[in-house]
Amino acid sequence: MSKVRVRFAPSPTGGLHLGGVRTVLYNYLFAKKHNGDFIVRIEDTDQTRFVESAEQYIFDCLNWCGLEPDESVLHGGPYGPYRQSERKESYRQYAEQLVKDGYAYYAFDTKEELEKMREDLKTAENPSPQYDHTSRKKMKNSLTLTEAEVKDLLVNSTPHVIRIKMPENEVISFTDMIRGEISFETGLVDDKVLLKADGMPTYHLAVVVDDYLMKITHAFRGEEWLPSAPVHLLLWKYLGWQKDMPQWAHLPLILGPNGKLSKRDGAKYGFPVFAMNWADPKTNELTEGFKEKGFLPEAFINLLAVLGWNDGTEQELYSMPELIEKFSMDRVHVAGAKFDYEKAKWFNHEWIKKVKVSGLRFEVKNLLIKNRITVPDDSLLDKTIELVKDRCTLLPDFVQQSSFFFKTPEQLDVDAVKPKWSDEKRDFFIAYAEKLSGIGNWELGILEAAFKDLAAEKNIKPGELQLPLRIMLVGGKFGPPVFQIAELIGKNETIKRINNAMKQF
RNA sequence: GCCGCGUUGGUCAAGGGGUUAAGACGCCUCCCUUUCACGGAGGAAUCACGGGUUCGAAUCCCGUACGUGGUACCA
């Protein structure tokens, strides 16, 4: 059996969508599981939708996700170029061959003529008429024109396209790796344009030619391609490559709260839909990404992997190597899955708990610096991360959960203590601060014991004193156990915070 | 409209003729902790609907409904 080769073929038109990343992921997992190659091919055949920065952006996203291609415009490889615009010249010959063999034809209709046809044929029953075996007879193409007329038009370089000639009455079927047998009546499918007037291929021609030339063995793409699959199948056949045709799998869609997931949903419901921040160079509109929202790539990959796939066990947390080991296309769900942001956050939380401190250090430090908190000491940072990571769902949560380790809280939640504050408690804290200043061995157990002994001495329940102490040290009702905080921030800082806070109570 | 694909709790889902229909997220109650979390123990679903087939159907078949995708010289 030949080496497994799969490809992800994005078009550089904008941000990389959740569904897009999952498609890459499944490609990647399948390839790696079978010791195959993962190729990224840029489908930039639509010059009108091309966005300059989008290509680099896509690679940045893949890199962040840890989905490194084996071959691509950036990684090179023996089957280049990996940008379809650079392969432009190679497509025409195949289209011409199809015309010669009677499987395709020239069409000279102008945009206006096409519009007119659609307008004329439009009825209540048929709101969107196609350019197909019924309507092509009335159009301006090499099927209706004489040979001489066609030749003349061609010689005068009249703008034209090449369209596939869909058979009138055939049934074409194939086996989808996740859906099984699927069949279509060819007469219901339109005569898709194969080669555009500008000489560029459409997706339909390019995907077949390039998959063939690049020796792709398995073609995975979104379910939205299913309706045009018969065109591709026919092309493989007409070009005489049928025995080399890849196996297909059409992946289910990822849906938003109301149907198809769109980047609008992100803004509307407050969750990211792109892998990374995407700033549209045309509109300057910024769409937030999972990365910037504070997701770990491990979590992002994990949640995407199990959105539509499971290995049949109860396991939900998977690392990339585990996914590679366990992934299989036939366990991919057939139906679309609604994206659940709450669960996505849960995955991130789990990964933050799971990942080692060293894996968090860089991001957390950056976040703190961005929030004007200086981190003088990496070992303090590490201890802090270890202490608070259980209570962080998204990376930015570290700012609130750990900033008080590095700087005195600016604002204290005085309302939390004031109602129950008393002179007795004030006395206690004055005495405690004094006691603390005499402690030589600054460590958790001693601080806590001193606290409890003094409380007993003063006849106050220690529980009633803990919240005030927390507010003094942290500023609010959150954070790890108080004495651990005191231990970490040190003697001077602890005493200072106690004294300062009392002025406000 | 037509064509394709789909339909197990609010969400992700296991299960593919006989099960008390797993598990997870979220929600609620309780325990732990006199912060917030973590952790632990519980609570809530007859499988879209209608017909078949069968001794027996969430599981097989057919309809209907609903959802979703396509119906571009976009991918």
Side-chain angles (χ1 to χ4, degrees), chain A residues 9-13 43-46 48-49 84 107 109-111 114 118 122-132 159-163 176 179 182-185 187-190 192-204 206-207 221-230 250 252-253 255 257-260 303 306-317 331 333-347 349-350 353 388-393 397 400-401 413 416 461-471 474 476-482 485:
Chain A
S11 63
T13 53
E43 307 244 348
D44 57 347
T45 53
D46 186 354
T48 62
R49 294 207 311 157
Q84 289 182 327
D109 316 277
T110 63
K111 192 170 261 176
L114 288 174
R118 295 203 172 99
K122 196 165 161 181
T123 60
E125 280 80 55
N126 184 8
S128 32
Q130 311 188 112
Y131 199 120
D132 59 15
H160 64 278
V161 302
I162 292 178
R163 307 184 90 110
D176 185 279
R179 283 155 215 275
I182 297 172
S183 52
F184 305 85
E185 285 180 45
L188 267 10
V189 181
D190 64 330
K192 292 258 185 274
V193 169
L194 264 20
L195 199 73
K196 305 188 227 184
D198 64 3
M200 279 286 196
T202 58
Y203 171 84
H204 305 103
V207 73
R221 61 205 332 185
E223 190 186 330
E224 69 270 23
W225 291 109
L226 211 39
S228 54
H250 291 86
L253 269 1
L255 309 170
N258 292 305
K260 194 189 176 191
L303 74 92
V306 299
L307 193 59
W309 170 86
N310 73 83
D311 70 356
T313 71
E314 284 180 16
Q315 186 174 352
E316 291 202 275
L317 263 22
R331 286 205 63 94
H333 221 244
V334 240
K338 203 174 279 184
F339 174 69
D340 180 3
Y341 188 49
E342 292 307 317
K343 182 116 190 199
K345 284 192 289 191
W346 176 80
F347 275 106
H349 192 17
E350 290 301 309
K353 286 192 283 177
V388 306
K389 73 209 268 271
D390 280 5
R391 29 207 114 213
C392 296
T393 298
D397 294 343
Q400 195 213 31
Q401 290 293 335
D413 183 1
K461 283 191 207 153
E464 288 186 27
L465 297 162
Q466 283 207 18
L467 184 65
L469 180 59
R470 168 173 300 280
I471 302 298
V474 174
K477 293 198 276 188
F478 56 88
V482 247
I485 297 168

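Every chain is numbered from 1, with letters handed out A, B, ... down the list of sequences.
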Considering only heavy side-chain atoms of Lys353(A), the closest of rA75(B), rA37(B), rC38(B) is rC38(B)
Is there a Watson-Crick or G-U wobble partner for rA14(B) with both distances under 3.5 Å, and if so, which one is it?
none
Which nucleotide in rA13(B), rA72(B), rA75(B) has an atom nearest any side-chain atom of His333(A)
rA13(B)
Under 4.0 Å between a side-chain N or O of Ser228(A) and OP1 or OP2 of rU71(B)?
no
Have a look at Ala335(A) and say if it touches a base, only the backbone sugar-phosphate, or nothing, with a 4.0 Å heavy-atom cut-off.
sugar-phosphate
Need one value for Arg118(A): base, sugar-phosphate or nothing, where a base atom within 4.0 Å counts as base even if backbone is also close, heavy atoms only.
sugar-phosphate
Watson-Crick/G-U partner (both atom distances under 3.5 Å) of rC27(B):
rG43(B)
Can you tell me the pairing partner of rC66(B) across any strand shown, Watson-Crick or G-U wobble, with both distances under 3.5 angstrom?
rG6(B)
Over all strands shown, is Glu223(A) touching base, sugar-phosphate only, or nothing at heavy-atom distances under 4.0 angstrom?
base
Report yes if at least one side-chain N or O of Lys196(A) is closer than 4.0 Å to OP1 or OP2 of rC74(B); otherwise report no.
yes
Arg331(A) side-chain N/O to rA13(B) phosphate OP1/OP2 under 4.0 Å
no
Between rG56(B) and rC38(B), how far apart are the C1' atoms? Round to whole Å, please.
47 Å
For rC60(B), give the paired nucleotide (Watson-Crick: N1-N3 plus N6-O4 or O6-N4; G-U: N1-O2 and O6-N3; both under 3.5 Å), or none.
rG52(B)
With a non-hydrogen cut-off below 4.0 angstrom, is Pro129(A) in contact with a base, only sugar-phosphate, or nothing?
sugar-phosphate
Is Lys122(A) near enough to rU71(B) that one of its side-chain N or O atoms lies under 4.0 angstrom from OP1 or OP2?
no
Side chain of Glu342(A): nearest nucleotide among rA75(B), rG26(B), rC12(B)?
rG26(B)
Identify whether any heavy atom of Pro10(A) sits under 4.0 Å from a base atom; if not, whether one sits that close to sugar-phosphate; answer base, sugar-phosphate or nothing.
nothing
So which nucleotide does rC32(B) pair with, by the Watson-Crick or G-U wobble rule with both distances under 3.5 Å?
none
Counting heavy atoms from C-beta on, name the nucleotide in rG6(B), rA75(B), rC25(B) closest to the side chain of Asp340(A).
rC25(B)
Can you list the steps and then say if Leu303(A) with Phe339(A) is a side chain to side chain contact (heavy atoms under 4.5 Å, CB included)?
CA-CA 10 Å; Leu303(A) 74 92; Phe339(A) 174 69; 3.9 Å; yes
Heavy-atom pair of closest approach, residues Ala416(A) and Leu467(A):
O-CD2, 3.7 Å
Is it the case that the base of rA72(B) and the side chain of Lys192(A) share a donor-acceptor contact (distance under 3.5 Å, atom types as modelled)?
no
For Lys353(A), is the NZ atom crowded, meaning more than 12 foreign heavy atoms sit under 6.0 Å from it?
yes
In terms of the angle between their ring planes, are Trp225(A) and Tyr203(A) parallel, tilted or perpendicular, with boundaries placed at 30° and 60°?
parallel
With sugar-phosphate meaning primed atoms plus P, OP1 and OP2, does Thr123(A) contact a base, only sugar-phosphate, or nothing at under 4.0 Å between heavy atoms?
nothing
From the set rG69(B), rU34(B), rA37(B), return the single nucleotide nearest to any side-chain atom of Leu253(A).
rG69(B)
Answer yes or no: is there an ion pair linking Asp46(A) with Arg49(A), defined by an N-O contact shorter than 4.0 Å?
yes
Classify the nucleic acid contact of Asn310(A) as base, sugar-phosphate or nothing, counting any heavy atom under 4.0 Å across all strands shown.
sugar-phosphate
Nucleotide nearest Leu467(A) when distance is taken to its side chain, options rC73(B), rU35(B), rC38(B)
rU35(B)
Val193(A) or Pro127(A): which one's nearest nucleotide on RNA chain B is closer to the 5' end?
Pro127(A)
Check whether Phe478(A) forms a cation-pi arrangement with Arg391(A) (NZ or CZ under 6.0 Å from the six-membered ring centre, at most 45° off the ring normal).
no
C1' atom, rG26(B) versus rG10(B): distance in rounded Å?
8 Å
Which nucleotide, rC5(B), rC73(B), rC12(B), lies nearest any side-chain atom of Arg179(A)?
rC5(B)
Reckon Val189(A) touches a base, only the sugar-phosphate, or nothing at all at heavy-atom distances under 4.0 Å?
nothing
Tell me whether the OP1 or OP2 atom of rC73(B) has a side-chain N or O from Arg163(A) closer than 4.0 Å.
yes
Sugar-phosphate, base or nothing in reach of Ile182(A), heavy atoms under 4.0 Å:
sugar-phosphate
Integer angstrom distance from the P of rC47(B) to that of rA41(B):
29 Å
Is there a donor and acceptor pair, one atom on the side chain of Arg391(A) and one on the base of rC36(B), closer than 3.5 Å?
yes
Using a heavy-atom cut-off of under 4.0 Å over every strand shown, decide if Gly308(A) touches base, sugar-phosphate, or nothing.
sugar-phosphate
Expected label for rC38(B) (glycosidic angle, syn inside 90° of 0, else anti) would be syn
Looking only at atom C1', what distance separates rG17(B) and rU53(B), rounded to whole Å?
11 Å
Give me the atom names and distance for the closest heavy-atom approach of Arg163(A) to Ala107(A).
CD-CB, 3.8 Å
When rounded to whole Å, the NZ to C1' distance for the pair Lys345(A) and rC12(B) reads 16 Å
With P as the reference atom in both, quote the distance from rC61(B) to rC5(B) in angstrom, rounded to an integer.
13 Å
Which listed nucleotide (rC74(B), rG69(B), rC25(B)) is nearest to the side chain of Thr202(A)?
rC74(B)
Roughly how many Å is it from CG in Asp190(A) to P in rG1(B), rounded to a whole number?
19 Å
